[in-house]
Amino acid sequence: MNPALEFVGRMGPQRIAAMGAVTLALVVFFAFVMMRVTQPTMGVLYSDLSLQDSSAIIRDLESRGVPFEMRGDGATILAPRGDLARLRMDLAGKGIPVGGGVGYEIFDRGDSFSATSFVQNINHLRALEGELSRTIGSLQRIEAARVHLAIPERRLFERDNEGPRASIVLKLRGDLEAGHVRAIRHLVASAVQGMRPERISIVDENGRLLADGASDGEGLAGGLAADERQTQTERRLQRQVEDIVAGIVGRDRARVQVAAEFDFNRIENRAQTFDPDGRVIRSTQSRNETSVSASRNGEVTVGAELPGAQAGPEGAGDRDESERNEETVNYEISTTTRIETIEGGRLRRLSVAVLVDGRYSQGADGAVVYEPRPQEELEQIATLVRTAIGFDRDRGDQVEVVNLRFADTPAPVEFVEPNFVESLLNPTREDVLRAIEIAVIALLTLVVLLTVVRPLVREILARNEPAAAFVARMTGGAAPTIEAQGPPPESMASKMIEMAKVNGQVQQQSLERVGELVKQSPSETVSVLRQWIHERG
């Protein structure tokens, strides 16, 4: 322990404190480097979370001991990238996240028995709104949904009951087609008793009205304007033509434009036709009348006029008889009445323009060679397009298929599975960020080793007392000289060998010095030896 204590004493408190501080800083730095390198890559588990969902997810992750990070005041939670799928499935099995709304799980609480009818009605309304919001939010192009229901209270003796209404606010991922708007309206109308689809209003996050719930009817394309219906029709036909053409020339090798003309005028035609040759007996009326009268030479008596009076003898007077037949026939003339109503929104004309690219191949010198498509193939494509759009020549439809070379068409390259070297040459964004992080940490480590550790080691070695000075102090003379000194040692073994040589020379010079002292004063040497013997005895 004495050499160690002497070394510490020679270093001094300032150097010892500096060495301790540097050692502590190095330990902290390397610990940070190790933790950073061994830390798993984090990915987004959920984003745009409410405070309730974020709190529930954090509690579940803490109970499992899964590392996580929070961003945006808890709205975004990050977890290890390799465990994202498993964590999402486990959380979904527990009903997390709930989407920021309250569903029918509100009735799972234990205080439902003591709740009043008013509270129960409010909870039922909240649960219905929450369930509809979740269902609408599960659609592909819907990012978030908020549903408000206005259900009037039913009264006992009220004849005219106003129907329920609904208001929906949507946060979209792109554009929403008219068919999707109608589907959402019918979905909500089917879930709420007594609600009609035309009483549902839908608004997007930009304040654009997608469906008007204040009108009596849905109107054109579910509340959309006429020009929007025309746009939707053109997009639908464009997708159909692109799908069928892409199967022939390839994806992104064709450009399709559709122009549709509509007639939104409402026309009503009434026509009535009479056929004089087409007579039909409508009714027949027949009347037969017979009358008989007799006279007694002009004498008129009361007895003759009485009922049951007997006639007198023949020839006693004149007798008149008359008979009348009358027949009435009513005929009806054939009549045809035709009422034709043509609603607005009729397709008047279609124009389709299809631009297809040619074929590309590699020549003998490796250059890309363009080859136009044959006319027979263009005619076949035009025939398919006419069939897909419902071509009508009498209506004035027009279809044009033209083959031209695209300006930005790359050379066709066959897909080859990249090997290890190509994957290193074409890394992903995550691989680049990870490599940059490791390179920065390695560079910092190298800088610390060269600027801190190496000078510190040199300073410690330089503070050691030289062997020549130690020999001079012990012998009281000049420092011994070494005749053959080689190059400075570069390793610890060579340093130990040099130290052993110096110690041997010191011991030899000490013995020679003692021998000279004994020769110069033998009497004093004998007295010193006797004194040592008596002290040891």
| query | Glu177 and Arg239: salt bridge (Lys or Arg N to Asp or Glu O under 4.0 Å), yes or no, with the steps? | reply | CA-CA 13 Å; Glu177 298 181 357; Arg239 286 196 299 268; 3.2 Å; yes
| query | If we only count heavy atoms from C-beta on, is the Ile200 to Ile202 side-chain gap below 4.5 Å? | reply | yes
| task | Determine whether the side chains of Ser55 and Arg59 contain a donor N or O and an acceptor N or O closer than 3.5 Å. | result | yes
| Val192 vs Leu149 side-chain heavy atoms within contact, under 4.5 Å | yes
| said: A quick test of your reading: do over 12 heavy atoms of other residues, nucleotides or ligands sit less than 6.0 Å from CD of Gln272? | reply: yes
| Interatomic spacing from CD in Glu242 to CZ in Arg255 - rounded to 0.5 Å | 8.5 Å
| More than 12 heavy atoms of other residues, nucleotides or ligands under 6.0 Å from CZ of Arg373: is that the case? | yes
| query | Does Asp243 reach the side chain of Arg251, with side-chain heavy atoms less than 4.5 Å apart? | reply | yes
| Ion pair present between Glu234 and Arg236, side-chain N to carboxylate O less than 4.0 angstrom? | no
| field | Arg64/Glu62 salt bridge by N-O under 4.0 Å criterion | value | no
| said: If I take atom CZ from residue Arg141 and atom CG from residue Leu170, how far apart are they, to the nearest 0.5 angstrom? | reply: 13.0 Å
| field | Spacing of CG belonging to Leu61 relative to CG belonging to Leu87, to within rounding of 0.5 Å | value | 6.0 Å
| said: Please determine whether a side-chain nitrogen of the Lys or Arg among Arg359 and Glu377 lies less than 4.0 Å from a carboxylate oxygen of the Asp or Glu. | reply: yes
| field | Salt-bridge present (Arg386, Glu379; N to O < 4.0 Å) | value | no
| query | Does a salt bridge link Arg126 with Glu129, judged by any charged N lying under 4.0 Å from a carboxylate O? | reply | no
| CZ of Arg165 to OG of Ser201: how many Å apart, nearest 0.5 Å? | 7.5 Å
| message | More than 12 heavy atoms of other residues, nucleotides or ligands under 6.0 Å from CD of Gln140: yes or no? | response | no
| Heavy-atom neighbours of Gln257 CD exceed 12 at 6.0 Å | no
| note | Distance col, row Leu350:CG vs Asp392:CG, nearest 0.5 angstrom, shows 9.5 Å
| note | Rounded to the nearest 0.5 Å, the OG atom of Ser190 sits from the CE atom of Met195 at a distance of 10.5 Å
